[in-house]
Q: 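Sharing a structure with you now.
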Number of protein chains: 2
Amino acid sequence: MSTERRPAETPALAELLSGSCYCLATRRASRRMVRLYDAALAEHGLTISQLALLAWVRYLRKPTVQKIADLMEMDQSALSRGLMPLEREGLITSAPDADDRRKKVLALTDEGGRRLIAAAEDWEKAQEEVTRQQEKLGADVARLMAGINDLAKSEAGSD
Amino acid sequence: MSTERRPAETPALAELLSGSCYCLATRRASRRMVRLYDAALAEHGLTISQLALLAWVRYLRKPTVQKIADLMEMDQSALSRGLMPLEREGLITSAPDADDRRKKVLALTDEGGRRLIAAAEDWEKAQEEVTRQQEKLGADVARLMAGINDLAKSEAGSD
DNA sequence: TCCATATATATGCATATACAGCTAATCCCA
DNA sequence: TGGGATTAGCTGTATATGCATATATATGGA
């Protein structure tokens with residue numbers, strides 16, 4: 001079929017495009033997942049990232065920017081920017097920690113709490129849809145997620 | 001250890017933060033991979049995305065924006081913007097297709113070709129590093145990538 | 001107490017990514 | 001052949017993400 005490709009100059013380059021690059025494969029999977037979950041949450045005006053942020057703010061006793069960034073294995077500056085639309089729309093508020101005024105302690109507003117609960121129902125639908133897709137594809141893919149979680153389980157720690 | 005978390009209001013919310021959200025887990029894995037590969041390629045002034053773009057431009061007989069976007073399962077507009085820094089830095093050129101002037105046919109410059117070859121060596125080092133990490137974690141994770149590729153193998157087709 | 005160091009956050013800058021909507025070119029059918 | 005439908009690409013807008021750096025606060029010695 002494919003007379004459209006030219007020969008590779010090095011084995012590495014051939015491998016890169018063959019689908020075996022861990023990074024490109026993972027990123028492609030990520031794009032696909034985000035599209036699916038974001039679509040499921042769109043009616044609530046939230047992205048999957050924003051839903052996760054709201055959930056962390058809800059479930060940590062003292063949610064700060066750096067703490068959530070550590071838990072999500074993200075750069076603090078990215079986290080900081082992700083909070084802005086949520087504050088702008090009145091879903092969370094923030095105040096300096098009395099014990100350490102460098103820290104910014106976050107909290108859900110009532111509206112933020114309602115949005116979180118409502119969106120979580122549609123999150124679950126997306127989650128179930130992926131589960132069904134996995135069943136169609138066989139058991140290997142189920143193990144996939146366990147593997148990803150193992151890889152990512154350097155975080156853990158206390159809250 | 002963790003007295004820092006509060007109880008979940010719904011099972012869904014507890015699950016969301018437990019690490020079993022396919023979307024969040026995949027995205028976290030993606031962030032980790034991108035950091036690793038981008039660091040490995042930094043000395044060449046390329047990101048992993050840009051390396052992949054150069055490789056596709058090199059290996060398709062008639063590389064166009066939409067074709068590469070389809071192959072990478074990305075939105076065409078995102079692809080279009082990703083090409084800009086590469087054109088700006090003189091690594092690729094573009095010209096309208098003579099047969100269909102809507103299409104933009106891409107080509108590597110000499111410098112683009114050199115960068116591609118040079119960066120591919122360091123790509124391979126990153127790839128091998130991930131392989132080694134997987135071995136430490138056991139065989140499950142090896143199967144992980146096969147699963148991701150199966151999931152993502154709706155593209156295929158002829159370039 | 002004062003300064004060097006470390007920590008928490010924010011900003012500047014750049015890429016990555018998607019969706020909606022726009023224009024130009026092509027295609028297809030009545 | 002004329003015009004609607006389709007396709008390719010671009011731009012506007014918004015979030016996602018990281019690195020380098022700036023600022024403010026805290027901390028720990030000398």
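Quick note on labels: first sequence line is chain A, next is B, and so on, each numbered from 1.
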Q: Could you check Lys103(A) against Met74(B) and say which one's nearest nucleotide on DNA chain C is further toward the 5' end?
A: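 Nearest nucleotide further toward 5': that of Lys103(A).
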Q: Pick the nucleotide of DNA chain D nearest each of Asp100(A) and Leu53(A); which residue has the one closer to the 5' end?
A: Leu53(A)
Q: Could you pick out which residue, Arg31(A) or Glu87(A), lies toward the 5' side of DNA chain C when each is mapped onto its nearest nucleotide?
A: Glu87(A)
Q: Run the numbers on Arg114(A) and Glu111(A) for salt bridge (charged side-chain N to carboxylate O under 4.0 Å, His left out), then give the verdict.
A: CA-CA 5 Å; Arg114(A) 281 192 293 271; Glu111(A) 172 63 12; 3.1 Å; yes
Q: Between protein and nucleotides 19-24 of chain D, what N or O pairs are separated by less than 3.5 Å?
A:
| from | atom 1 | to | atom 2 | distance (Å) |
| --- | --- | --- | --- | --- |
| dC19(D) | N4 | Ser77(A) | OG | 2.6 |

Q: Just how far, in rounded Å, is C1' of dT27(D) from CG of Asp99(A)?
A: 15 Å
Q: OP1, OP2 of dA16(D) versus side-chain N and O of Ser30(B): anything below 4.0 Å?
A: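 No.
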Q: List in chain and number order the residues that pass side chain to side chain donor-acceptor pair (under 3.5 Å) with Ser77(B), two or more places apart in sequence or in another chain; answer none if no residue qualifies.
A: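 Asp75(B).
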Q: Can you measure Leu83(A) atom CG to dT9(C) atom C1' for me and round it to whole angstrom units?
A: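 In whole Å, dT9(C) C1' lies 11 Å from Leu83(A) CG.
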Q: Taking all heavy atoms of Ser94(A) and all of Leu106(A), pick out the closest pair and write down the distance.
A: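 The pair with the smallest heavy-atom distance is CB-CD2, 3.7 Å.
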Q: Can you measure Ile48(A) atom CD1 to dA18(C) atom P for me and round it to whole angstrom units?
A: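 Spelled out: CD1 on Ile48(A) to P on dA18(C) is 16 Å.
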Q: For residues Val130(B) and Leu41(B): do they belong to one hydrophobic cluster (side chain heavy atoms under 4.5 Å, members Ile, Leu, Val, Met, Phe, Trp, Tyr)?
A: yes
Q: Give the residues of residues 106-124 of chain B touching DNA chain D, defined as any heavy atom closer than 4.0 Å, sorted by residue number.
A: none
Q: Which of these, Lys62(B), Arg102(B), Lys104(B), sits in a side-chain hydrogen bond (donor to acceptor under 3.5 Å, both in side chains) with Asp97(B)?
A: Lys62(B)
Q: Starting from C1' on dC10(D), measure out to NZ on Lys104(B) and report it in whole angstrom.
A: 9 Å
Q: Is Asp70(A) salt-bridged to Lys67(A), cutoff N-O under 4.0 Å?
A: no
Q: Look at Ser80(B) and dG9(D) and indicate whether a side-chain polar atom (N or O) is within less than 4.0 Å of OP1 or OP2.
A: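 No, outside the criterion.
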Q: Nearest whole Å is fine: how far is dT17(C) P from Met33(A) CE?
A: 16 Å
Q: Near DNA chain C, counting only heavy atoms under 4.0 Å, which residues of residues 36-47 of chain B show up?
A: Thr47(B)
Q: Taking a hydrophobic cluster as the set of Ile, Leu, Val, Met, Phe, Trp and Tyr residues connected by side-chain heavy atoms closer than 4.5 Å, whether directly or through intermediates, do Trp56(B) and Ile92(B) fall within one such cluster?
A: yes
Q: Nearest whole Å is fine: how far is dA16(C) P from Leu79(B) CG?
A: 11 Å
Q: Calculate the interatomic distance between Arg101(B) atom CZ and dT23(C) atom P; express it in whole Å.
A: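 After rounding, the gap between these two atoms is 19 Å.
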Q: Side-chain heavy atoms under 4.5 angstrom apart, residues restricted to Ile, Leu, Val, Met, Phe, Trp, Tyr: same cluster for Leu17(A) and Leu71(B)?
A: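 Yes; Leu71(B) is reachable from Leu17(A) via cluster members.
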Q: Round to a whole Å and report the spacing from CD of Gln66(B) to P of dA25(C).
A: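 From Gln66(B) CD to dA25(C) P: 18 Å.
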Q: Evaluate the side chain to side chain contact (heavy atoms under 4.5 Å, CB included) criterion for residues Leu46(B) and Leu86(B): first the C-alpha distance (whole Å), next the side-chain angles of each, then the deciding distance (0.1 Å), finally the verdict.
A: CA-CA 9 Å; Leu46(B) 291 176; Leu86(B) 297 176; 4.2 Å; yes
Q: Quick one: closest heavy-atom pair of Ser20(B) and Gln127(A), and the distance?
A: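 For Ser20(B) versus Gln127(A), the nearest heavy atoms are O-NE2, 2.5 Å.
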Q: Could you tell me which non-hydrogen atom of Arg31(A) sits nearest to which non-hydrogen atom of Glu73(B), and how far apart they are?
A: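 For Arg31(A) versus Glu73(B), the nearest heavy atoms are NE-O, 3.5 Å.
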Q: Does atom CD of Glu121(B) have more than 12 heavy-atom neighbours, drawn from other residues, nucleotides or ligands, at distances under 6.0 Å?
A: no
Q: Short of 4.0 Å, heavy atom to strand atom, which residues of residues 88-98 of chain A count as contacting DNA chain D?
A: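 Residues of residues 88-98 of chain A that come under 4.0 Å of DNA chain D are, in numerical order, Arg88(A).
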Q: Sequence neighbours left out, what passes side chain to side chain contact (heavy atoms under 4.5 Å, CB included) with Leu79(A)? Give chain and number order.
A: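 For Leu79(A), the residues satisfying side chain to side chain contact (heavy atoms under 4.5 Å, CB included) (neighbours in sequence not counted) are Leu53(A), Val65(A), Ile68(A), Ala69(A), Met72(A), Met74(A), Leu83(A).
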Q: Where do Asp38(A) and Ile48(A) come nearest, in terms of heavy atoms and distance?
A: OD1-N, 2.9 Å
